[in-house]
Amino acid sequence: MAFFGGRKEHIEKAEGPAKLPDSITVATQRGESVLAAAQDDFTASWVAMTTYRIVVTSPEGEVQLDRPWHEVDTGAWEPDSAILSLSWVGGTTAQQWRMRTLTGPGHIPEVFRDRVSASVVQVREVKLSPKRTARVSIRSVLSSRELIDQVALGRGAQASDRVLATEVERVRQEARAGVGLPPTQGASSPL
C-alpha cells in the first residue's frame, strides 16, 4: 500500500469548512458516519468519506461512485495542487479530484489516510527480480471487520509466471495463517 506520508492520527469526525450541503445525502448504515466532504473543482461532484467507504455524488446528489476503503490500492494527496489521486485494487480506472476552489479539501487528506490505513492489516512483498514482483495484503472490511486477502502483481510481472505464482501462493497462505484465516486455494490470486 503506497500512500502519502505524514503523521498518522485517528479521525473521529471532521469539522471544517467542507461539509455536504443539505441537498446532498449519503445513506449510512449503523455505525457509519460522514467524516469529511469536499467538492471537486472540475466536475462540482461531492466527494464524501465515511467511516466505511468513499462516496462521490453528482452536484444533484446522484451517486457516481460508492466503494469501500479496502478496495483502495494506492493514493496520494498533492497539497500544492490540492489534488487527491487514488487507484483501486484490481487495476480499475484511477480517480482524481481537485479540491481547491469550490470548497477546499477540509479534512479529506487526513480522513483518506486514516481510513485506508485502518483497512490495512498486513502487507508482504514478493520479489523474485525487478519485473517479477507482487504484493500480498490482508485487509479489513471496515463495516464488518472481516479479513480478506488481496494479491497485486508488480509492474512488469506476468500472470503466466508459474514460479512467481507459486511463491505468491506460499506468501498468501502464510499471511492468512498469521491473522488466523484458514487456508484457501488461490481465490484472490490474479496468477
Asker: Using modelled atom types only, decide if a donor and an acceptor are shared between the side chain of Thr43 and the backbone of Ser45 within a distance under 3.5 Å.
Answerer: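 The answer is yes, because a donor-acceptor pair under 3.5 Å joins these two groups.
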Asker: Would you check if the side chain of Arg155 reaches a backbone N or O of Lys131 as a donor-acceptor pair within less than 3.5 Å?
Answerer: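 Pair absent, no side-chain N/O of Arg155 close to backbone of Lys131.
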Asker: Checking Gln158 against Ser160: is there a side-chain donor and acceptor pair closer than 3.5 Å?
Answerer: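 Looking only at side-chain atoms, Gln158 and Ser160 do not form any donor-acceptor pair under 3.5 Å.
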Asker: Answer yes or no: are there more than 12 heavy-atom neighbours, outside Gln29 itself, under 6.0 Å from its atom CD?
Answerer: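 More than 12 within 6.0 Å, yes.
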Asker: Heavy atoms only: give me the nearest Ser119-Arg139 pair and the separation to one decimal.
Answerer: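 Distance-wise, the nearest heavy atoms are OG-NH2, 2.7 Å.
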Asker: Return the set of residues passing salt bridge (charged side-chain N to carboxylate O under 4.0 Å, His left out) with Arg124 (not counting sequence neighbours), or none when no residue passes.
Answerer: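 Applying salt bridge (charged side-chain N to carboxylate O under 4.0 Å, His left out) to Arg124 gives Glu174.
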Asker: Check the hydrophobic clustering (I, L, V, M, F, W, Y; side-chain heavy atoms under 4.5 Å; chains of links allowed) and say if Val126 and Val179 are grouped together.
Answerer: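 No, separate clusters.
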Asker: Show me the pairs that pass salt bridge (charged side-chain N to carboxylate O under 4.0 Å, His left out) and involve residues 20-39, at least two apart or across chains.
Answerer: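 Matches after skipping sequence neighbours: Glu32-Arg53.
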Asker: Decide yes or no for Trp97 and Trp46: does some side-chain heavy atom of the first lie under 4.5 Å from some side-chain heavy atom of the second?
Answerer: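 In short, these two side chains do not touch, never coming nearer than 4.5 Å.
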Asker: Mind running side-chain contact (heavy atoms from CB on, under 4.5 Å) on Val136 and Gln150 for me, showing each step along the way?
Answerer: CA-CA 6 Å; Val136 176; Gln150 297 172 338; over 6 Å; no
Asker: Do the numbers put Arg67 on top of the ring of Trp88, so that NZ or CZ is under 6.0 Å from the six-membered ring centre and no more than 45° off the axis?
Answerer: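 Yes, Arg67 sits over the ring of Trp88.
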Asker: Does Val168 belong to the same Ile/Leu/Val/Met/Phe/Trp/Tyr cluster as Leu128, with side-chain heavy atoms less than 4.5 Å apart forming each link?
Answerer: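 Yes: a chain of side-chain contacts under 4.5 Å links Val168 to Leu128.
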